[in-house]
Each structure stands twice: as C-alpha cells, then as structure tokens.
> 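Handing you a structure now.
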Amino acid sequence: MPLTVATWNINSVRLRQDLVAELAAKRNPDVICLQETKCPNSEFPRKSFERLGYRHIAAHGQKGYHGVAVLSKRPIETIVAREFCEKGDCRHLAVDVEGDGGRSVRIHNFYVPAGGDEPDPAINPKFAHKLDFLEELIAWSADDVSTVAPDSGALLLGDLNIAPLEDDVWSHRQLLRVVSHTPVETEGLERVRKALDWVDVVRRDVPPPEKLYTWWSYRARDWEAADKGRRLDHVWLTPGIADACTQVEVLREARGWERPSDHVPVIVRLEM
DNA sequence: ATGGTGGGCGCCCCA
C-alpha cells in the first residue's frame, strides 16, 4: 500500500477547514501535515477532520501564531514536539505513521520562522531568530541521529520559509537581498540538509532550471499572471527511503481556491 | 520606489 503525505501551510486551520476537505476530496492524502494553524489545541477542529476520515490527529498549537498539526488516516504515534530557540513557539511536531507489516516512518513537521523584512541579524531580531533556528536544526541533527532519522526512514517537511535554489524564486537576482532567498539562509538550509544527507525528492523529480513555487504573496494584484512565487515548502527524505518516493506534486491550483492560503500543498507518494 | 493583502486579536501583532 502506498503512503501519500501532504504538507501545507494553511494560514489558520479554523478558517480553512473547507480547504482541507477540498484537498481530501481531490487528492485524498493519507497524511496531512499543517503549519500556521494559529489555533490552541483545545480549539482544534478535530471533529471536522475526523469526518473526512482523518481519525488520528496530533495538534501542537498556541493562540494567535504559528502552530503545527498532523492529520492521518493511519494510526500515528506522537514522538515529540521539540522546542527550538527557547521561545515556547509551536514550530515542530514529530510523529510515527504506521505502515504495513509493522513498519513505520517518522515525520518531522516544521514551521521555520519567517524572519521579518530586514535581512540583517544585527538590527532585526526576527532574522537573527531564523538563523539561530537553522543552527539549532544542525545541532539537533547531530544530537541523536537514531531518534531524528531512524533506520526505518524519516521525512523532514513543512514550511521552511527559505527558497534554496535559484529556480525556486521568480528572480534570483532581485531576491538576493530579500528574506527567504539571501545567501546566509540558502547556505544555512543547505547545511541543514547535508547534516543528515536528506534528499530533496521534489527537486529530484522536478530538477532545475524548471521554476517551481509553493507560495505566492497575497499582495499581488493577480498572483497567477504575475507568477512571482517562491518555493518555501519542502519535503525531504532520508536516503534509505528516497527510492520509495515514486511521485511528487505541487498542487498549484489550490492557490486559486476560494479564500486560499498563500501556500499550496506539496504531496509525495511513498511505496512502503 | 513604494505599498500592496490577509489572519488573529483586541486598538497592533505577524506573515
């Protein structure tokens, strides 16, 4: 049985429950990893997702900001919601998803800080926080490898708020000094990826120089015509299970849905 | 060159 996993920055889970239902109707992923739920756990709309068949839910949220959650059709076991940068932010949730024959795969769902507007850590504490977060991710990778990335395989996915490659943005040159595509961020994210040799399966399937975006600003008059997107959302696999990924999809059409999120789902299919 | 939009919360934060 294949396992399909989606990641989506939903920008308020309560406001966009219907869009999750639309994703379920159109692609029916087994697992949906959400970011920016902006919702305390006690307010999480569990019932609405249980009705869609997602009967196994792990929510890690807070009031107003951030927040991550995993919705699953298969049983899951929550492993940890680690705190990064001692901020108390809800930006990470790790679960094990049950596969066939007792096998399971670990999923790390991340919401990396956006980093504010000014790409100078000396004057912008939000950018400093973003860079600190990357350094902590590297330290975390070395901490306890068998927990972060067990031999059975792991995914690291979510809104990483960085577009690492030149063709992950509409204009490499014009975004070099724009937060999300500055060299200190793109090089930092690459160091995170290399720490455990994660495989960017999306770019393996859609290699550069093809442009590929997962986010389009709300501020564009016509997001589709301008198409000034960035690839901020990612799915990485440990090398041992990278070959199990047989299909990836960036669901661009979701940006045109009613009252959309500014991010679209990224979906991967694993044969396992 | 600048300001554009959207969500949560409560008179302003964040993306």
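Per chain, numbering begins at 1; letters A, B, ... match sequence-line order.
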> Roughly how many Å apart are dA15(B) and dG4(B), using the C1' atom of each and rounding to a whole number?
14 Å
> Hey, are E118(A) and K126(A) close enough for a salt bridge, meaning a charged N less than 4.0 Å from a carboxylate O?
no
> Grab the CG-P distance between D117(A) and dA15(B) for me, whole Å please.
9 Å
> Could you tell me how far apart L232(A) (CG) and dA15(B) (P) are, to the nearest whole angstrom?
13 Å
> Students often get this wrong, so: under 4.0 angstrom with heavy atoms, is R259(A) touching a base, only sugar-phosphate, or nothing?
sugar-phosphate
> Between Y213(A) and D233(A), does any side-chain donor sit less than 3.5 Å from a side-chain acceptor?
no
> Strictly below 4.0 Å: does K126(A) bring a side-chain N or O up to OP1 or OP2 of dA15(B)?
yes
> To the nearest Å, how far apart are Y65(A) OH and dG10(B) P?
9 Å
> Quantified in whole Å, what is the P atom distance between nucleotide dG6(B) and nucleotide dT2(B)?
23 Å
> Between V13(A) and N9(A), name the one whose nearest nucleotide on DNA chain B is closer to the 5' end.
V13(A)
> Using the P atom as the reference point in each nucleotide, state the distance between dG10(B) and dC14(B) in Å, no decimals.
14 Å
> Here's a test of your reading of the structure: between Y218(A) and H66(A), which maps to the more 5' nucleotide of DNA chain B?
Y218(A)
> Can you check the distance between dT5(B) and dC9(B), where both ends of the measurement are the P atom (answer in whole Å)?
22 Å
> Taking L19(A)'s backbone N and O only, do any of them form a donor-acceptor pair with R16(A)'s side chain (distance below 3.5 Å, no angle check)?
no
> Rounded to whole angstrom units, what separation is found between the CD atom of Q17(A) and the C1' atom of dG7(B)?
15 Å
> Roughly how far, to the nearest 0.5 Å, is CG of L156(A) from CG of N109(A)?
9.0 Å
> Do any side-chain atoms of residues 74-82 of chain A form donor-acceptor pairs under 3.5 angstrom with protein atoms, and if so which ones, sequence neighbours left out?
{"from": "R74(A)", "atom 1": "NH1", "to": "E98(A)", "atom 2": "O", "distance (Å)": "3.3"}
{"from": "R74(A)", "atom 1": "NH2", "to": "P2(A)", "atom 2": "O", "distance (Å)": "2.9"}
{"from": "R82(A)", "atom 1": "NH1", "to": "D143(A)", "atom 2": "OD2", "distance (Å)": "3.3"}

> Check the phosphate of dC9(B) against K63(A), side-chain N and O only, distance under 4.0 Å to OP1 or OP2. Yes or no?
no
> Indicate whether OP1 or OP2 belonging to dG3(B) is found under 4.0 Å from a side-chain N or O atom of R221(A).
no
